[in-house]
**Q** 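Mind having a look at this structure? Questions to follow.
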2 protein chains.
Amino acid sequence: MRSHEDGRTASQIPEVVVMRLPLYARALAVLEKESQEVVSSNELAARLQVTPAQIRKDLSYFGRFGKQGRGYNVGHLLSHIRRILGLDRQWSMALVGVGRLGRALLHYGAFAAEGFKLVAAFDSDRRQIGTQIDGVVIQSMEELSSTIRTREVNICIIAVPALKAQEVIDMVVQCGVRAILNYAPIACRVPGDVCIREIDPICALQSMTFHLKVPRINR
Amino acid sequence: MRSHEDGRTASQIPEVVVMRLPLYARALAVLEKESQEVVSSNELAARLQVTPAQIRKDLSYFGRFGKQGRGYNVGHLLSHIRRILGLDRQWSMALVGVGRLGRALLHYGAFAAEGFKLVAAFDSDRRQIGTQIDGVVIQSMEELSSTIRTREVNICIIAVPALKAQEVIDMVVQCGVRAILNYAPIACRVPGDVCIREIDPICALQSMTFHLKVPRINR
DNA sequence: CCGTGTGAATGAGTTCACAGCC
DNA sequence: GGCTGTGAACTCATTCACACGG
């Protein structure tokens, strides 16, 4: 269904592989904190509940990081993966929609801890504009375009009601944002060169109940 | 020919298919609200950014819901999907971990609106125990086991720190919970008959930066 | 004609299995 | 002996294309 090639951007690395790298990075960070120097694909796989072959194959897309007979140096592999993912720098994010969910996200410390800095927040509610949450001043939607450009925002978090989401997404895409973390429960349309990830707990719940439905045999 | 919705064996339906059904349900609910009576796989696909064949194939795992030359009756298909997913009933959830994130989840109205009722909340922080948030009294971890059983909790939401998550998950699994929505940033181990879904915005961000990394050519 | 339902064909992703190196 | 890196084999998922029914 992908509309058409835009050659240049189209990475030949499977998206599933890219999505697993952060998991590897996280596990390696734990090992590093535990002062473990070397890890085998077997050990890493056991921690992550995947197969060792999966890890080796995934890594092989990017280079040869291991030593035969020994395994991977934890620190080296971690910094390689971080560089591959672009985690060796800070990223600037803007939040659109400062309702309950948006406020919770503004307070959420883990983004900054991982190098994702929330530098701006926007809402259409006049009463909120000008107020400050965790050091971020809430701005009007009219200011969105100029602020995103001047503050060089790379990523937008969408936390507006479903009905407004597509419109807001179109706006931020128009401003040159190419990565969107979408909390709105909607299947939205973005150009092929824009990356979007959905956070949708309702869908997650609704797909789990499919399995619960069947009555338990041995309780 | 596939076994129909009430088979009781470990489902032979691909998990990807199950995970798409909630999206179909959501789109159909919108159409129903718009008073549209009939929809073709083509139209539905256009709304959801998937292929029409995908939708038809997915639905064919569960039965034959359409009419040739016409399409699907919106209301009928929606109620079929809801029944397939087990959304034609209420589900009881418990929240473990009432930190900032947990509190935000307790306030979140959409769960209840979709038939997922938060009936209990647990935390290890003594100061919080006994206090009430949105009608739910926060209980101690010691009460978890008995409350989950007496209140017949089907689903647990995990919102505890990463270091505590596996331990808490083991506890709730021990209490017979077979569905877990995990907000803790950890790859956790559950028995094969337990369904778990991860909500992990950090991973989502970290996999998007892979694509951002490449400098934009035409800004 | 139009659109579903579905085998068959294609494509993507995972696992196997082993050569090669430490 | 142990473990990586990787083509080949295999499994799983998506798309095609068309027979069939409204």
Side-chain angles (χ1 to χ4, degrees), chain A residues 1-5 10-21 23-24 27-28 31 36-78 80-81 84 187 207, chain B residues 1-5 10-21 23-24 27-28 31 36-74 76-78 80-81 84 187 207 210:
Chain A
M1 194 60 171
R2 270 273 144 294
S3 42
H4 33 240
E5 307 280 330
S11 154
Q12 59 284 54
I13 289 157
E15 195 59 24
V16 271
V17 173
V18 175
M19 308 233 323
R20 276 192 295 264
L21 293 185
L23 302 173
Y24 300 163
L28 288 165
L31 287 169
Q36 184 169 329
E37 294 219 341
V38 173
V39 68
S40 67
S41 58
N42 249 286
E43 187 184 355
L44 198 56
R47 294 212 174 211
L48 288 168
Q49 305 284 283
V50 300
T51 64
Q54 174 105 269
I55 292 178
R56 295 202 301 275
K57 172 68 87 177
D58 285 355
L59 295 178
S60 77
Y61 282 103
F62 303 98
R64 306 158 56 119
F65 308 112
K67 288 215 195 327
Q68 284 109 323
R70 201 163 144 70
Y72 303 89
N73 178 294
V74 172
H76 288 171
L77 182 55
L78 177 54
H80 265 298
I81 293 179
I84 291 164
S207 63
Chain B
M1 186 90 298
R2 271 299 183 299
S3 83
H4 271 228
E5 353 181 340
S11 155
Q12 59 284 68
I13 290 157
E15 196 59 23
V16 271
V17 173
V18 175
M19 308 235 319
R20 276 192 295 264
L21 292 185
L23 302 173
Y24 300 164
L28 287 165
L31 287 169
Q36 184 168 330
E37 295 218 341
V38 173
V39 69
S40 67
S41 59
N42 248 286
E43 187 183 355
L44 199 55
R47 294 213 175 210
L48 288 168
Q49 304 285 283
V50 299
T51 64
Q54 175 105 268
I55 292 178
R56 295 201 302 273
K57 173 68 89 177
D58 284 354
L59 295 178
S60 78
Y61 282 104
F62 304 98
R64 307 160 52 123
F65 308 112
K67 288 213 196 329
Q68 284 112 322
R70 202 163 144 68
Y72 302 89
N73 178 294
V74 172
H76 289 171
L77 182 54
L78 177 54
H80 266 297
I81 292 179
I84 291 165
S207 63
F210 173 81

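Here is how names work: the chains are called A, B, and so on, in the same order as the sequence lines, proteins then strands, and each is numbered from 1.
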**Q** What are the two closest non-hydrogen atoms of A:Ala46 and A:Gln49, and how far apart are they?
**A**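 What the structure gives for the nearest pair is O-NE2, 3.3 Å.
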**Q** Taking only N and O in the side chain of A:Arg56, is any of them less than 4.0 Å away from OP1 or OP2 of C:dC18?
**A**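 No.
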**Q** Taking the side chain of B:Gln68 as its heavy atoms from C-beta onward, which of D:dA13, C:dC21, C:dT4 lies nearest to it?
**A**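 For B:Gln68, the side-chain atoms sit closest to C:dT4.
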**Q** Taking CD in B:Glu15 as the centre, count heavy atoms belonging to other residues, nucleotides or ligands within less than 6.0 Å. Is the count above 12?
**A**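 Result for CD/B:Glu15: enclosed.
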**Q** Between atom CG in B:Asn73 and atom P in C:dG3, what is the gap in whole Å?
**A**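 From B:Asn73 CG to C:dG3 P: 16 Å.
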**Q** If I take atom CG in residue B:Asp58 and atom C1' in nucleotide D:dC12, what distance separates them, rounded to the nearest angstrom?
**A**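 It works out to 14 Å between those atoms.
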**Q** Grab the NZ-C1' distance between A:Lys57 and C:dT14 for me, whole Å please.
**A**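 Value for this atom pair: 9 Å.
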**Q** Students often mix this up, so state it plainly: with edges at 30° and 60°, are the rings of A:His80 and A:Phe65 parallel, tilted or perpendicular?
**A**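 Taking A:Phe65 first and then A:His80, their aromatic rings sit tilted (interplane angle of 30° to 60°).
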**Q** Strictly below 4.0 Å: does B:Tyr72 bring a side-chain N or O up to OP1 or OP2 of C:dG5?
**A**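 For C:dG5, OP1 or OP2 has a side-chain N or O of B:Tyr72 closer than 4.0 Å.
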**Q** Side chain of A:Ala53 only, please: which of C:dG13, C:dT15, D:dC3 is the nearest?
**A**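 The nucleotide sitting nearest to the side chain is C:dT15.
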**Q** When the distance from CZ of A:Arg64 to P of D:dT4 is rounded to whole Å, what number comes out?
**A**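 Taking CZ of A:Arg64 and P of D:dT4, I get 13 Å after rounding.
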**Q** Check the distance between D:dT4's P and A:Phe65's CZ and give it to me in whole angstrom.
**A**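 Distance, rounded to whole Å: 14 Å.
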**Q** Output the distance between atom CZ (B:Phe210) and atom CD1 (A:Ile13), rounded to the nearest 0.5 Å.
**A**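 If I round to the nearest 0.5 Å, the distance is 4.0 Å.
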**Q** Within the structure, does a side-chain N or O atom of B:Ser41 lie under 4.0 Å from either OP1 or OP2 of C:dG3?
**A**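 So the side chain of B:Ser41 is outside the cut-off, no N or O lying under 4.0 Å from OP1 or OP2 of C:dG3.
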**Q** Between D:dT14 and B:Tyr61, is there an OP1 or OP2 to side-chain N/O distance shorter than 4.0 Å?
**A**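 Negative; the distance criterion is not met.
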**Q** Rounded to whole angstroms, how far apart are CD on B:Gln49 and P on D:dT15?
**A**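 The distance from CD of B:Gln49 to P of D:dT15 comes to 13 Å, rounded to the nearest Å.
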**Q** Quick one: is B:Gln54 getting a side-chain N or O under 4.0 Å of the D:dT15 phosphate, OP1 or OP2?
**A**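 For D:dT15, OP1/OP2 do have a side-chain N/O of B:Gln54 under 4.0 Å.
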**Q** CD1 of B:Ile55 versus P of D:dA13: gap in Å, rounded?
**A**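 Rounded to the whole Å, the gap is 18 Å.
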**Q** Output the rounded distance in Å from CD1 (A:Ile13) to C1' (C:dT14).
**A**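 Atom CD1 in A:Ile13 sits about 17 Å away from atom C1' in C:dT14.
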**Q** Any idea which of D:dT15, C:dT14, D:dT4 is nearest the A:Arg20 side chain?
**A**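 Closest of the options to the side chain of A:Arg20: C:dT14.
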**Q** For the CG atom of A:Leu28 and the CZ atom of A:Arg47, what is their distance to the nearest 0.5 Å?
**A**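 The distance works out to 9.5 Å.
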**Q** OP1, OP2 of C:dT15 versus side-chain N and O of A:Thr51: anything below 4.0 Å?
**A**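 Looking at the OP1 and OP2 atoms of C:dT15, one of them is under 4.0 Å from a side-chain N or O of A:Thr51.
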